[in-house]
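The sequence lines fix the lettering, A, B, ..., with proteins before strands; numbering per chain opens at 1. Heavy-atom basis, side chains included; hydrogens, waters and symmetry copies ignored. On a predicted model such as this, the values are computed, not experimentally measured, just so you know.
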Amino acid sequence: MASAAQNQEGVPEILRKQLAVAVRSIQWSYAIFWSLSAAQQGVLEWGDGYYNGDIKTRKTMQAMELTPDKIGLQRSKQLRELYESLLKGESELAYKRPSAALSPEDLTDAEWYYLVCMSFVFSSGQGLPGRALANSETIWLCNAQCADSKVFSRSLLAKSASIQTVICFPHLDGVIELGVTELVPEDPSLLQHIKASLLDFSKPFCSEKSSSPPYDEDDDSDPLCAKVSHEILDTVALESLYSPGEENKFDGEGVYELHGNINEELHLDSADECSKGCEHNHQTEESFMVDGINGAASQVQSWHFVDDDLSNGIPDSMHSSDHKSESLVNQAEGFPSSKDENMSHIQLKELQEGNHTKLSLLDLGIDDGAHYRKTLSAIFGSSNRLTENPCFLSVEHKSSFVSWKKGGMVKRHWPGIQQNLLKKILFSVPLMHGGCTHRSQKEICRKYCPVTMESDNFCEEHISSDKRTENEKFMVLRSMVPYISEVDKASILSDTIKYLKKLEARVEELESCMYSVDSEPRPKRNYTEMVEQTSDNYDNKKLDNHKKPWINKRKACDIDETDPELNKFVPKDGLADVKVSIQEMDVLIEMRCPSREYILLDIMDAINNLHLDAYSVVSSNLDGVLTLALKSTFRGAAIAPAGIIEQALWKIAGKC
Amino acid sequence: MENSSQESHLRSENSVTHESPYPLYAMAVCGQRIAVGSFIEDYTNRVDVVSFEPESLSIKTHPSLSFDHPYPPTKLMFDPNSSSRKSSSNRHLLASSGDFLRLWDVGDSSIEPVAVLNNSKSSEFCAPLTSFDWNEIEPKRIGTCSIDTTCTIWDIEKGVVETQLIAHDKEVYDICWGEARVFASVSADGSVRIFDLRDKEHSTIIYESPQPDTPLLRLAWNKQDLRYMATILMDSNKVVILDIRSPTLPVAELERHRACVNAIAWAPQSRRHICSVGDDSQAFIWELPLPPVAGPNGIDPMSMYSAGSEINQLQWSPAQPDWLAIAFSNKMQLLKV
């Protein structure tokens, strides 16, 4: 097992784990501890390291998959072994190396970089580590691959490995170096975080606890929940739950969340209450394949924890009160007790309910735990307003409030709809603003990106342009088809279908009657009846000649008109048309709709309500069709968007 | 009327009432100025700015300090810096949310519109805002949340969008800043999420409603002690107190209202006090033990007040820590704490 204690050059195994923890928590590529050489004075040489970057070929001796951290430790060890074997000389390569050991061709560039680093030695003030130690300062080097080789002697190597950021800081009697293949701008909080994580483990560890038999993944009845206690050290329990290489599916028994809570405290920064549910889920994602996650039904929860040994360090840090207060993880104040409370009535159901959405969090990967911690440290670091003023609420005689008495209130009959106003403000008021595409956008978001919603790209482009044009087209469609009041796509489409059917029917009717226009006298029909006919009854269309109200009306008017073209008049698209165009404060409204009593009054009324002052109106009533061109200007600051104006006018045009 | 409310009404010398011609919802307090927004389910709505005279315990209305708003404003808020400014310069910036985020300059005798912050690409279509929050530490930053599931962060000095995040799966109902670049939001999907602008790709769910998809309607972050947040659920009489360091598990659930809770506000000058108002026309002030540990029966409020009808809105401003503003039906009342 990789965790078997192995001393290398006098640096305790612990250090490697510290490095592992530190670098894993921030997801950087490697961590190296340069220690002062025993042989030469003031010279830094390779002490220990942990490689956390990309791996090309994995070679393990065990059949079972290990946790990533164990893998990482093993990998680092293998790299070291490779280095040593390379040192010894090529002649021994062929037969000395066991089959499961690494060979040079198995390594990625970053791994090579790490390997080659092992050969480096820095005298005082030389290179990045040398300077860090000599000046006792932290060096944060961005764009390491472009750095001057005087500043960073391995810059060319870094270039080949794409290592872009390297930081060095003195630690204990040497220098810790961390590097990553991304460009990370200088971040003091990150530094603090790393240092904190290193310090936490600088305690002697107890011996490793033996693991109980691996936990059966289907066994939900975990008797260990009762054992959950302050001590945390139910590592035994945890180990028994842990079955490496398998995805543990649980039906959301909250107890696992519970253990997850404990567990993820064991992991990385101990006593880190902040990253409870979320983080452990992220770890699970990282440790096991994502393919275990299926839908909302099952919940993939599995754990990995750094090392059994580490867990022993945790209770100390949990209880200790002598931690640096600036380290965010040491919010020991009151926390253990509240944790107790939390555990005792842990609302398992709540967690299990909540867990199904954690699946989405799982996509975020392990990063999130570290990110959340960074966020928390940012919050608490900058907060300096913890003014304690508990006495301000002395109940003076002048206060409006009375002391609370249980049962002081007579029971009243509460209104049926609770939170009425609040709900209206949140649910219906936004919808009052017409012309909003929220629902379609929402549907789109849900339909097209159910998983990716939580994933990496929370960015504006998510509402991508083609979806927006689609929405806009829907809106255009909506504005073309009258009598639509809904905003959602489904009803727009169904209303459009209905409307199209009506139109088709009418067109057919008109075409057929065009040829038999002159033959019979038509009875004159009422406007309203006619309009109603067209709007309601077109589904049961009648092609009878004596039911051509539209044309009839036309014909009746024709007697007075001399314009021959009216004979062939076929109503254009739709019964009504409303066009609103806005230019700064001026609004031009063009309308065409079947005329009726008081319609002009209604239009002016509507415009007035929208805070528009009409200054020019040209209208004509032709053939029962009102054509209107209205110019107006906004009265005040409240500018209504064109959509709202159109909507209001459509309502009027459509009314009969 | 019950005894307790009569009692409260008898203490009228300690509460100041402003009666408005229309029902009120949105409210903002800035020093002695209070902006109240109407709730009329129609296009024409108004926002009035009244001033409070603590000496005479009266409220003065200014007919000129008023403006129209399309549909009810969902939230009003004064520039957080203006409370610290000397009152000699009486110009305050007021923000209102509805279809867009609008900024108004409230002077002594008039209100001038300053800006309409509209992020929609198309001129006609917008995503109406349910709420917003003005960052106290970085006052040029306002975060808005909308029913299109996004949160938009505005730089109001430049009048541009700093960033827009898709925050939730469903409509976002409230947003609250914790730090210059950290905010939290609640949504119809029932989760409280914390976002960090430094790391826009990740967010953390720190609480989810026990019944999945129970919308969380309001959120309040304790500005005196950033560890704690409070939120309320739809159709629930509970105020859920969360500790951001321990996600998913609420630290306390305050369940003493006899009807649903409508609004919550942390005390501006104390770490441990929070006020909640509800449909039972009660306003409770709770004192949370630190660290919040629930007794077997839960936590009782410290003090209470009964109003005439369901209390819809609550504002506890740092500029007036002694006075709590509530709104019920068409009245706005200032209560001495």
Side-chain angles (χ1 to χ4, degrees), chain A residues 273-274 276-278 331 334 338 341-342 350-351 353-354 364 368 371-372 375 378-379 382-383 385-386 389-390 392-393 398-404 408-410 414 418-419 421-422 425-426 429-430 432-433 435-438 441-442 445 453 456 458 460 462 472 609 636-638 641-643, chain B residues 2 4 11 14-15 25 43 68 70-72 74 99 113 122 124-128 130 147-149 164-166 169 173 178-179 182 196 199-202 204-205 208 210 212 217 224-226 235 245-249 259-260 262 269-270 272 279 291 293 300-301 303-305 312 335-337:
Chain A
E273 314 87 356
C274 57
K276 271 244 200 93
C278 317
Q331 301 265 358
S338 65
E341 307 285 331
N342 292 340
E350 174 183 331
L351 291 169
E353 235 77 64
L364 293 167
D368 199 67
H371 289 279
Y372 187 54
T375 305
I379 295 172
S382 64
S383 152
R385 289 175 294 169
L386 299 185
N389 192 356
F392 88 103
L393 283 180
K398 285 180 84 178
S399 167
S400 312
F401 284 80
V402 294
S403 323
W404 188 82
M409 264 288 305
V410 174
W414 302 119
Q418 306 257 4
Q419 297 172 327
L421 206 63
L422 181 58
I425 273 277
L426 291 176
V429 165
M432 289 180 191
H433 302 277
C436 50
T437 57
H438 67 285
Q441 273 180 3
K442 208 172 53 161
C445 283
M453 280 287 284
D456 307 22
F458 284 163
E460 197 178 355
H462 203 75
E472 283 166 13
N609 278 344
Chain B
E2 307 83 31
S4 45
R11 292 164 158 271
N14 296 319
S15 67
Y25 180 74
Y43 185 73
D68 288 319
Y71 298 110
T74 49
D99 46 356
S122 141
E124 298 197 354
F125 310 118
C126 64
T130 49
I147 52 174
D148 69 351
T149 79
Q164 186 173 22
L165 308 170
I166 296 183
D169 303 329
Y173 289 140
E179 193 254 341
V182 177
D196 187 342
D199 181 17
K200 294 173 206 167
E201 303 185 4
H202 298 98
T204 315
I205 294 185
E208 273 180 296
L217 299 180
Q224 294 300 309
D225 187 346
L226 292 171
D235 292 329
R245 300 163 303 163
S246 11
T248 72
L249 289 174
C260 293
N262 283 328
Q269 78 279 38
S270 154
R272 298 157 53 197
D279 272 349
V293 172
D300 285 336
S303 51
M304 59 188 260
Y305 173 80
N312 293 310
L335 307 173
K336 182 90 172 58
V337 169

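With A/L426 as the partner, the side chain to side chain contact (heavy atoms under 4.5 Å, CB included) test is satisfied by one option alone out of B/T130, B/I147, B/T74: B/T130.
In this structure, the side chains of B/P128 and A/M432 stay at 4.5 Å or more apart for every pair of heavy atoms.
The minimum heavy-atom distance linking B/Y305 with A/S400 is given by the pair CD1-O, 3.3 Å. Closest heavy-atom contact between A/Q418 and B/C260: OE1-N, 3.0 Å. The minimum heavy-atom distance linking B/K336 with A/F401 is given by the pair O-CD1, 3.6 Å. Contact record, A/S403 with B/M304: O-CG, 4.1 Å, taken as the closest heavy-atom pair.
The greatest number of non-hydrogen atom pairs below 4.5 Å with chain B, out of A/N609, A/T375, A/L421, is found for A/L421.
For a residue to count as touching a neighbouring chain, one of its non-hydrogen atoms must lie under 4.5 Å from one of that chain's; by this rule B/D235 touches chain A with backbone and side chain alike. At a 4.5 Å heavy-atom cutoff, the contact between B/P301 and chain A is made by backbone and side-chain atoms alike.
Taking CG of B/N262 as the reference point, atom CD1 of A/I425 lies at 11.5 Å (rounded to 0.5 Å).
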